[in-house]
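Throughout, numbering of the chain's residues begins at 1 and tracks the sequence. Start at 1 and go down the list; that is how both ligands and their atoms are numbered. Just so it is clear, the structure is predicted and the values come from calculations on it, not from any experiment.
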Amino acid sequence: MENGKDFINDEEIWEKLKVNSNPEPSRIREIIAKSLELERLEPDETAALLHVKDEELWQEIFEAAGKIKEKVYGRRIVTFAPLYVSNYCVNDCDYCGYRISNDKVKRKRLTMDELREEVKALVKQGHKRLIMVYGEHPLSDAKFIAETLKVTYETKVGHGEIRRVNVNAAPMSVEDLELLRDIGIGTYQVFQETYHHETYKKLHRGLKANYQWRLYALHRAQEAGVDDVAIGALFGLYDWRFEVMGLLYHAIDLEKRFDGVGPHTISFPRLEPAVGTPFYEKQRKYLVSDEDFIKLVAVIRLSVPYTGMILTAREPAEIREKVLPLGVTQLDFGTNIGVGSYSKGAFDPEKQQFLINDNRSLDEGIRWLASTGRITSFCTAGYRCGRTGNYFMDIAKTGKVHHLCMPNAILTFKEYLLDYASPETRKVGEELIKKELEAIDHPKLREIVEEYLKRIENGERDLYV
Ligand code: SAM
Ligand code: SF4
């Protein structure tokens, strides 16, 4: 970063959007073909996709988005649950229920005992992956976050345990991130919210007002050796086309500076109403319609073919069902974002940051996915075998993730079916496993997976190839 400038140039983004605002269909088809070769797009190309007007061309884009996802990730979907640990916050982000000026929200930071209860409740549902979420506050500093990660990894219920903890927390220093690296943080996620400098300034007060400290949070993470980082924009704060461009520039800068390693995932939450927070009703200008949302997801898929994409339960079930085939790789289920609410088994809007719209349990979610031919992967082997960062990107970019990951997805899915699934889900799931076994085209590998499946039936757990 030089002279206070950064890699997001608002004028340049608007210029790219303007000069590409009337693309020829032939150019769009060339861009689609490039994405299908799993090549990352350039800003001019993404800007052109964002301006397609013809419905038929959109259908081609949607189809390509699905194909790219299949090529890179296969029919696997990763599931996780968010775990809100503390909602104390020193910042005043206009749109967020946790902002300091909101006196309608009940503040709560979990004690370590309460955290154990939350983790146990999630493990009992069958979860293996969490994203732990924290407001920015001295009560939830890096030391506290590190302790909560340690406690989470140590908590067991029978042979169930959380195997991967991702973190969504405020930007940190390199030293703080090193602390989290040493404890075994999974992906570190920081959303820029809006890439538009002026809008950012208008909406944020407190420590978060520093746009560049936030923009370079994931660069610092990489420097600290946390090599799985995740970006996102909160859609509804500014023009959605601009934000898609911002995400692309962010991904490109990370790739450029860290040896080709871009973000591990991209999130694209849409703004939701929150308790005591009139922003949603007052500022409707940039709210994204369902129709535009579907388009922006497909354009992100084409722009960064090898990056994971997370679609959260902020979206209602109908929208998640529509958007899933456009390239989404991760979904949360059984979600409850009230601090301390999993162990109570109840929803508590006064402790929530915003409102959730897909309330399906993990079991219902998995059954739905299986009924569409998608296998839920609880696999975290990649991280334990060092298949992260550069290594992961290399295999993702050559479209080989699913050769490597499908066997492990099958094995972890089997564990879920045996340990946690309802009889209905087990039935649909076992049928899917049969199909997936047939689809493994390497006979030796199929044999190994079949043998491991038997061992799992006989009580062994955590087997991976
Ligand atoms: N305090 C940390 C931060 O701001 O980075 C932790 C993250 S915050 C608890 C998680 C994310 O929720 C934010 O980055 C923001 O994108 C999203 N969020 C905040 N308010 C929201 C709302 N009203 N609707 C939907 N998402 C919201
Ligand atoms: Fe605090 Fe994060 Fe909410 Fe802003 S978005 S008020 S920083 S919890």
Side-chain angles (χ1 to χ4, degrees), residues 82-105 107-109 131-142 144-145 148 166-172 176-177 187-195 199-200 202-211 213-218 220-221 229-238 243 246-247 250 265-284 286-288 293 310-316 319 332 335 337-339 349 351-358:
L83 172 52
Y84 279 64
V85 183
S86 172
N87 65 8
Y88 285 93
C89 193
V90 295
N91 295 315
D92 207 30
C93 311
D94 280 348
Y95 46 83
C96 178
Y98 289 172
R99 70 192 190 289
I100 192 167
S101 64
N102 188 6
D103 56 11
K104 299 282 185 306
V105 76
R107 304 284 167 179
K108 172 83 191 148
R109 182 187 80 156
I131 175 122
M132 308 241 293
V133 186
Y134 311 77
E136 182 165 17
H137 197 277
L139 281 173
S140 51
D141 61 5
F144 173 79
I145 295 176
T148 57
N166 301 332
V167 168
N168 182 318
M172 289 177 225
D176 283 349
L177 287 157
T187 306
Y188 175 50
Q189 191 180 61
V190 178
F191 302 159
Q192 188 62 23
E193 320 296 13
T194 173
Y195 284 93
T199 306
Y200 188 94
K202 215 164 65 196
L203 301 181
H204 299 102
R205 284 164 300 280
L207 296 173
K208 191 157 160 181
N210 189 336
Y211 178 103
W213 176 246
R214 197 167 182 87
L215 190 66
Y216 288 89
L218 302 172
R220 291 195 296 281
V229 298
I231 63 174
L234 180 54
F235 283 87
L237 303 180
Y238 190 59
E243 304 295 14
L247 288 167
H250 201 164
T265 55
I266 292 189
S267 296
F268 32 89
R270 272 196 291 184
L271 189 68
E272 287 294 324
V275 168
T277 307
F279 181 84
Y280 182 89
E281 280 76 31
K282 278 205 323 266
Q283 184 141 335
R284 305 188 65 84
Y286 294 116
L287 291 186
V288 179
F293 186 62
I310 303 179
L311 178 64
T312 70
R314 288 176 179 87
E315 297 296 336
I319 293 290
D332 56 330
T335 297
I337 58 171
V339 182
K351 285 192 193 137
Q352 290 183 194
Q353 187 197 15
F354 48 83
L355 302 175
I356 284 294
N357 288 305
D358 186 351

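Checked against the 6.0 Å centroid threshold, F235 and F268 do not count as a close aromatic pair.
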_Chi angles and distances behind the side chain to side chain contact (heavy atoms under 4.5 Å, CB included) call for N102, R107_ = CA-CA 10 Å; N102 188 6; R107 304 284 167 179; 4.2 Å; yes
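For atom 8 (S) of ligand 1, the closest non-hydrogen atom on the protein side is Q353 NE2, 3.0 Å. Distance from atom 24 (N) of ligand 1 to its nearest protein heavy atom, with residue and atom name: E272 N, 2.9 Å. Of the protein's non-hydrogen atoms, Y95 CD1, 3.4 Å is the one closest to atom 20 (N) of ligand 1. Given atom 7 (C) of ligand 1, the protein heavy atom at minimum distance is N168 OD1, 2.9 Å. Distance from atom 26 (N) of ligand 1 to its nearest protein heavy atom, with residue and atom name: R314 NE, 3.1 Å. Protein heavy atom closest to atom 27 (C) of ligand 1, with residue, atom name and distance, is F354 CD2, 3.7 Å.
Near V133, with a cut-off below 4.0 Å to any heavy atom, the atoms of ligand 1 are 9 (C). Under a 4.0 Å criterion applied to the non-hydrogen atoms of R270, ligand 1 contributes the atoms 25 (C). Heavy-atom contacts of E193 reach the following atoms of ligand 1: 13 (C), 14 (O), 15 (C), 16 (O) (cutoff under 4.0 Å). Applying the 4.0 Å criterion to heavy atoms of Y134 picks out, from ligand 1, the atoms 1 (N), 2 (C), 6 (C).
Only the side chain of K208 comes within 4.0 Å of ligand 1, counting heavy atoms alone; its backbone N, CA, C and O stay farther away. Only side-chain heavy atoms of F191 come within less than 4.0 Å of ligand 1; its backbone N, CA, C and O stay farther off. Under 4.0 angstrom from ligand 1, there are no non-hydrogen atoms of F279. Neither the backbone nor the side chain of R99 comes within 4.0 Å of ligand 1, counting heavy atoms alone.
The option from H204, E136, Q189, R214 that lies nearest to atom 3 (C) of ligand 1, judged by heavy atoms, is R214.
Residues D92 and S101 have side chains that bring a donor and an acceptor to within less than 3.5 angstrom of each other. Side-chain contact annotation: T194 with E243, donor-acceptor N/O pair under 3.5 Å present. No hydrogens or angles considered: a donor-acceptor pair under 3.5 Å links the side chains of Y95 and H204. For Y134 and T148, the side-chain atoms include at least one donor-acceptor pair closer than 3.5 Å. Side-chain contact check for T277 and R99: at least one donor-acceptor pair (N or O, by modelled atom type) lies under 3.5 Å.
Between Y98 and Y84, the two ring planes are perpendicular [angle over 60°; tilted spans 30° to 60°].
Ligand 1 lies nowhere less than 4.0 angstrom from a heavy atom belonging to V190.
Although no hydrogens or angles enter the test, the distance criterion places a donor-acceptor pair under 3.5 Å between the side chain of R270 and the main chain of V288. Using a distance-only test at 3.5 Å, with no hydrogens or angles considered, no donor-acceptor pair links the side chain of N357 to the main chain of P316. No donor-acceptor distance shorter than 3.5 angstrom exists from the side chain of N168 to the backbone of V133, with no hydrogens or angles considered.
Distance check: Q192 CD to Y216 OH gives 10.0 Å after rounding to the nearest 0.5 Å. To the nearest 0.5 Å, atom CH2 of residue W213 and atom NZ of residue K208 are 14.5 Å apart. Atom OG of S86 sits about 9.0 Å away from atom CD1 of I145, to the nearest 0.5 Å.
Protein-derived N/O/S atoms nearer than 2.8 Å to atom 1 (Fe) of ligand 2 total 1, waters excluded.
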